Amino acid sequence: MSKLDSKIPEGPIKDKWTNHKNNINVVNPANKRLIDVIVVGSGLAGGAASASLAELGYNVKCFCFQDSPRRAHSIAAQGGINAAKNYQNGGDSVYRLFYDTVKGGDYRAREANVYRLAEVSANIIDQCVAQGVPFAREYGGLLDNRSFGGVLVSRTFYAKGQTGQQLLLGAYSAMSRQINKGKIKMYNRHEMLELVVVDGKARGIIARNLVTGELERHSAHAVVLASGGYGNVFYLSTNAMGSNVTAAWRAHKKGAYFANPCYTQIHPTCIPRSGDYQSKLTLMSESLRNDGRIWVPKNKEDVEAIRAGKKKPTDLSEEERDYYLERRYPAFGNLVPRDVASRAAKERCDAGFGVNETGEAVYLDFASAIMRYGQEKANVLHLENPTKEKIRELGEKVIESKYGNLFQMYEKITDDNPYKTPMMIYPAVHYTMGGLWVDYNLMTTVPGCFAAGEANFSDHGANRLGASALMQGLADGYFVLPYTIGDFLANDIRTGPIPNDSPEFMEAEKETKQRLEALVNNKGTKSVDHFHKRLGKVMWDKVGMARNEAGLKEAMAEIKQIREEFYRDVFVPGGVNELNSELEKATRVADFLELGELFAKDALERTESCGGHFREESQTPEGEALRDDKNFAFTSAWEWTGDPSKANLNKEDLTFNDIELKQRSYK
Ligand SMILES: Cc1cc2nc3c(=O)[nH]c(=O)nc-3n(C[C@H](O)[C@H](O)[C@H](O)COP(=O)(O)OP(=O)(O)OC[C@H]3O[C@@H](n4cnc5c(N)ncnc54)[C@H](O)[C@@H]3O)c2cc1C
């Protein structure tokens, strides 16, 4: 049997998940008590999985490197979570959510998984409401919805600009109940540094206690990796500073195939970079594109005047502005998918219309929405002939109630008041669609090793639609894994506890120790950040928003070179057996330096453009991504062979039974 058996169930797409659940193995409740599961990650995917598996009766050990599960990167999610509830009566359905997601991913996602995701989306909202998640509500009490990019309906549920935080508190409450009962043992401030494979099955991990530095061997019958995305390979991204690829990469080196590493999402609405010493970028949620209009000046003279501080954006009349998304994509306007919006911003800035000093910024303007909402409010209040100022004041209040915390965040960072002057935004690395290859059960190519949430590749193809990462993480954790993991674990009811002192565990621990010691004993001259920044620059310049053959070849060679220098010259202060945040960074950057090269290789081999992967050689005359379905309708699943540049390519052919492949258009 090929290792790439995706286990897609037979039958019509709408019945696949039901049939699958009816046919897979189930572990009875009493036997679940005999089975241990390790979950690496306590974000929405890992938190939901830990809580659900423990609730079912499994003994869960959950690991996170933060000081509390509540600090997982999922807390940062702002804009919302999708679900096909059709509360707005706008024509939404499970099929439409499925269709939008497959099309949004530029037809590079696995159809069966996406349908399942759409199918369980409504349950997620019910579950979270039952947990007490305070979703925004309309006057009548129903949950409110807003629109996100790439769709023509309103299906995004939200809690102001803090949706991730509220959902995570829900998952954390569910976990806490089980921690209290002793069914989840929580290992905060522990970092998984190795996967342990025994007799071909994932049976545990080596984790470092980040407070004491001690290495620990943890065994289980299965390991779930819910360790998030790897956008920080670019150094600068909107991800939390700690987000990294180590858990997934270690599994990859132990046999788990890595799928589509080059599919990265560059989010169009981030605060532009301000200089060379920045270590973090900030997202302005896509929800802002519901009401913000994106533009640059039509004339270069105005661009120059704005850059020189001689004109303000508010001085320009409507005729002097180019609302380029509305012009190019009249049907979707400012709500085109992220990849399309990002490339359009880059195109305008490359053409010399960028509005800040670096030439890398466009405007996101709320003036029309403020006046529109203000007028509406004035009507509701029956104000006769309100002044413009009054309308603006009322409109600003409406905008504040929708996006207040985002506006405040923007003002704190830039010192500009976005109620009075347009925001400046520019694309930044935000999400990684690629990740560990998994089958329909979310199992990797290492039996017993599962991957959930952003860590797997499964649902978003070459571009993720907004508000669908939270949906996927919670779907995986609350509604998919609890069923599918049983299919594997049913064979383990008589296995008994897995010993953690077998030769495989001892060897993995020894190797990990040696890796850590080599880093601190290296005593080179350059900091870990020095190498990470260099890697990030190569990634952004040559493997970023636009890629070409020559640049990708250079990137592979340069990354290899940086990696070699890293091992020759990195300086990691402190010791192994203590709290050492530089050592933590060093192990993560070491893995990024391998991933980066595979990432570039993947982008090099895929000579088509699709979604977030834009090959300059493959574009339409209008500059849109041009797919090549004849040659590239497959998922690339890379097998580790000891050197990222020599990784072995396995292909999972994508079959589209329910959706016709078309060149994607949002016009
Ligand atoms: C600023 C921002 C805003 C966003 N807004 C939205 C939004 O509005 N809607 C939406 O759908 N999506 C949004 N996203 C995307 C979404 O937040 C993430 O994709 C999602 O939260 C990832 O969840 P996760 O559970 O897979 O991983 P994470 O939340 O990243 O959690 C990873 C967990 O794994 C642990 N971990 C990782 N490696 C190790 C290791 N080696 N050892 C031990 N533990 C480890 C971490 O400690 C953490 O607990 C946003 C992303 C960003 C950056």
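Just so you know, ligand 1 is whichever comes first in the structure, and atom 1 is the first atom listed for that ligand. Count residues from 1 along the sequence. Predicted, not measured: the structure shown is a model, and the values here were computed from it.
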Minimum side-chain heavy-atom gap S279-Y235 below 4.5 Å: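 S279 reaches Y235 side chain to side chain.
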
Heavy-atom side-chain proximity of S285 to F148 below 4.5 angstrom: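 Yes; the side chains approach each other to less than 4.5 Å.
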
Sidechain N-carboxylate O distance under 4.0 Å for E509, K513: no

Is there any protein N/O under 3.5 Å from an N/O of ligand 1, and what does the full list of such pairs look like?
| residue | atom | partner | partner atom | Å |
| --- | --- | --- | --- | --- |
| ligand 1 | 5 (N) | Q78 | N | 3.2 |
| ligand 1 | 8 (O) | Q78 | N | 3.4 |
| ligand 1 | 8 (O) | G79 | N | 2.7 |
| ligand 1 | 8 (O) | G80 | N | 3.0 |
| ligand 1 | 9 (N) | G80 | O | 2.8 |
| ligand 1 | 11 (O) | S468 | N | 3.3 |
| ligand 1 | 11 (O) | A469 | N | 3.0 |
| ligand 1 | 11 (O) | L470 | N | 2.8 |
| ligand 1 | 19 (O) | E454 | OE1 | 2.6 |
| ligand 1 | 21 (O) | S74 | OG | 2.8 |
| ligand 1 | 23 (O) | S74 | OG | 3.0 |
| ligand 1 | 25 (O) | L44 | N | 3.1 |
| ligand 1 | 25 (O) | A45 | N | 3.0 |
| ligand 1 | 26 (O) | E454 | N | 2.9 |
| ligand 1 | 29 (O) | S74 | N | 2.8 |
| ligand 1 | 29 (O) | S74 | OG | 2.5 |
| ligand 1 | 34 (O) | A226 | O | 3.4 |
| ligand 1 | 41 (N) | M192 | O | 3.1 |
| ligand 1 | 42 (N) | M192 | N | 2.7 |
| ligand 1 | 47 (O) | F65 | N | 3.1 |
| ligand 1 | 47 (O) | Q66 | OE1 | 2.4 |
| ligand 1 | 49 (O) | S42 | N | 2.9 |
| ligand 1 | 49 (O) | S42 | OG | 3.0 |

Residues in ring pair (Phe, Tyr, Trp, His ring centres under 6.0 Å) contact with H221, at least two apart in sequence or another chain: none

Of all pairs that satisfy side-chain hydrogen bond (donor to acceptor under 3.5 Å, both in side chains), the ones with a partner from residues 462-471, not counting sequence neighbours: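 Sorted result for residues 462-471: Q265-N463, D339-N463.
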
Salt bridge (charged side-chain N to carboxylate O under 4.0 Å, His left out) partners of residues 150-173, not counting sequence neighbours, each pair once: D92-R155, D100-R155

